[in-house]
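Okay, so here's the structure we're looking at.
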Amino acid sequence: MTEGARVHSRVVVTTSWDDGHRLDDRLAGLLDRYGMAGTFYIAPHNVEIAARDRLSPAGVRELAERFEIGGHTLTHQRLPRLTDSAAADEIRAGKEELEGTVGTAVTSFCYPRGEYTAAHIDSARAVGFRRARTVRRNSLAAGPPLELPTTVHACAHRVDAPVALRLARLRPRTAAKLFLQWDELALGWFDLCLERGGVFHLWGHSWEIDAHRDWHRLERVLTHISGHPGISYLSNRNLPDLAQP
Ligand SMILES: [Zn+2]
């Protein structure tokens, strides 16, 4: 951010972290250090994570003392590959198990791999979820409550040229890096959010950050986006609801 630049009157920062891997502990420690709000979306019996690498119920409870816990289905199936009723069962059972673990209502949800249909939105709403996050990137919009977009995935992607060009106007010297490095991309989007207002939403997976040795990138982003006066740091459940202005 430019020295002396005014923070837009409505800037919201949120983060969310998927899957319920034991490395979520490490990630939570970093968020704590930077005073960052966040939501951990947990599939208690995630078939894509070895049982020994999943967060234990005690680990989930410990996270829940400092962060929002969100639903991510029971076993992390790809919902469109299931019948609508089996998908609805996955969505409901994951919520019930987490609520049994943490002892409070779980009201935010995340579609596994961001794959969903209108039927899954209805199922999420029917069991009492009030927010549901997608994996759509490059947005500063609040978005529909049950189809929340995100800004940046903490993982390298090939950046769309229009996105890079838009951000390059703000950070010309680092424009080239935007194509490769998600931390540069995050800084660019955050600075744009400061200027224009909006919701900056960083999301990712602790296991992925670890596999890519990206912890220093995450720390760099947290250093940049934390501690700004006038910014609301919110968990996903507290994001502004466009339906209720
Ligand atoms: Zn997931």
Side-chain angles (χ1 to χ4, degrees), residues 14-28 30-31 37-57 59-60 63-64 67-82 84 86-99 101-102 106-117 119-121 123-125 127 129-139 143 145-157 182 186 201-212 214-215 218 235-237 239:
T14 191
T15 71
S16 56
W17 309 99
D18 299 5
D19 289 357
H21 194 281
R22 60 182 170 75
L23 284 166
D24 285 359
D25 261 353
R26 177 172 176 181
L27 209 152
L30 262 187
L31 298 181
T39 299
F40 285 83
Y41 290 108
I42 294 171
H45 301 281
N46 192 333
V47 292
E48 294 177 23
I49 297 179
R52 67 177 178 280
D53 287 333
R54 292 178 201 146
L55 266 187
S56 66
V60 175
L63 268 190
F67 298 99
E68 180 187 17
I69 302 299
H72 199 34
T73 74
L74 187 66
T75 66
H76 206 271
Q77 308 286 331
R78 305 173 79 153
L79 295 178
R81 295 186 178 189
L82 305 178
D84 285 350
D89 285 346
E90 272 281 328
I91 293 168
R92 180 190 42 75
K95 183 178 195 284
E96 286 176 358
E97 175 142 342
L98 285 176
E99 288 176 338
T101 299
V102 302
V106 169
T107 60
S108 299
F109 177 68
C110 176
Y111 306 99
R113 295 169 178 254
E115 296 177 1
Y116 65 97
T117 67
H120 306 135
I121 299 175
S123 298
R125 183 186 292 113
V127 296
F129 285 120
R130 293 200 286 270
R131 293 286 183 282
R133 204 211 70 209
T134 69
V135 296
R136 190 157 73 77
R137 293 178 285 124
N138 301 320
S139 173
L146 290 172
E147 291 180 89
L148 296 179
T150 75
T151 314
V152 175
H153 178 196
C155 181
H157 287 270
W182 63 264
H201 191 154
L202 175 72
W203 75 281
H205 307 89
S206 59
W207 56 264
E208 192 171 54
I209 288 168
D210 198 66
H212 296 167
D214 274 349
W215 292 105
L218 177 59
S235 57
N236 284 191
R237 96 181 128 213
L239 287 175

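All ligand and atom numbering here is 1-based and tracks the order in the structure.
The side-chain tip of Lys95 does not point at the ring of Phe109 from less than 6.0 angstrom away and within 45° of straight on.
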- Query: After noting the C-alpha distance and the side-chain angles of Arg133 and Ser16, does the key distance pass the side-chain hydrogen bond (donor to acceptor under 3.5 Å, both in side chains) rule?
  - Reply: CA-CA 9 Å; Arg133 204 211 70 209; Ser16 56; 2.9 Å; yes
- Query: Can you check salt bridge (Lys or Arg N to Asp or Glu O under 4.0 Å) on Arg54 and Asp19, steps first, answer last?
  - Reply: CA-CA 8 Å; Arg54 292 178 201 146; Asp19 289 357; over 6 Å; no
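Atom OD1 is the N/O/S atom of Asp19 found closest to the Zn ion (ligand 1).
Here His205 does not reach the Zn ion (ligand 1): none of its N/O/S atoms is less than 2.8 Å from the metal. Checking His72 against the Zn ion (ligand 1), an N/O/S atom falls under the 2.8 Å cut-off.
Side-chain atoms of Arg136 and Leu148, non-hydrogen and from C-beta on, never get closer than 4.5 Å to each other.
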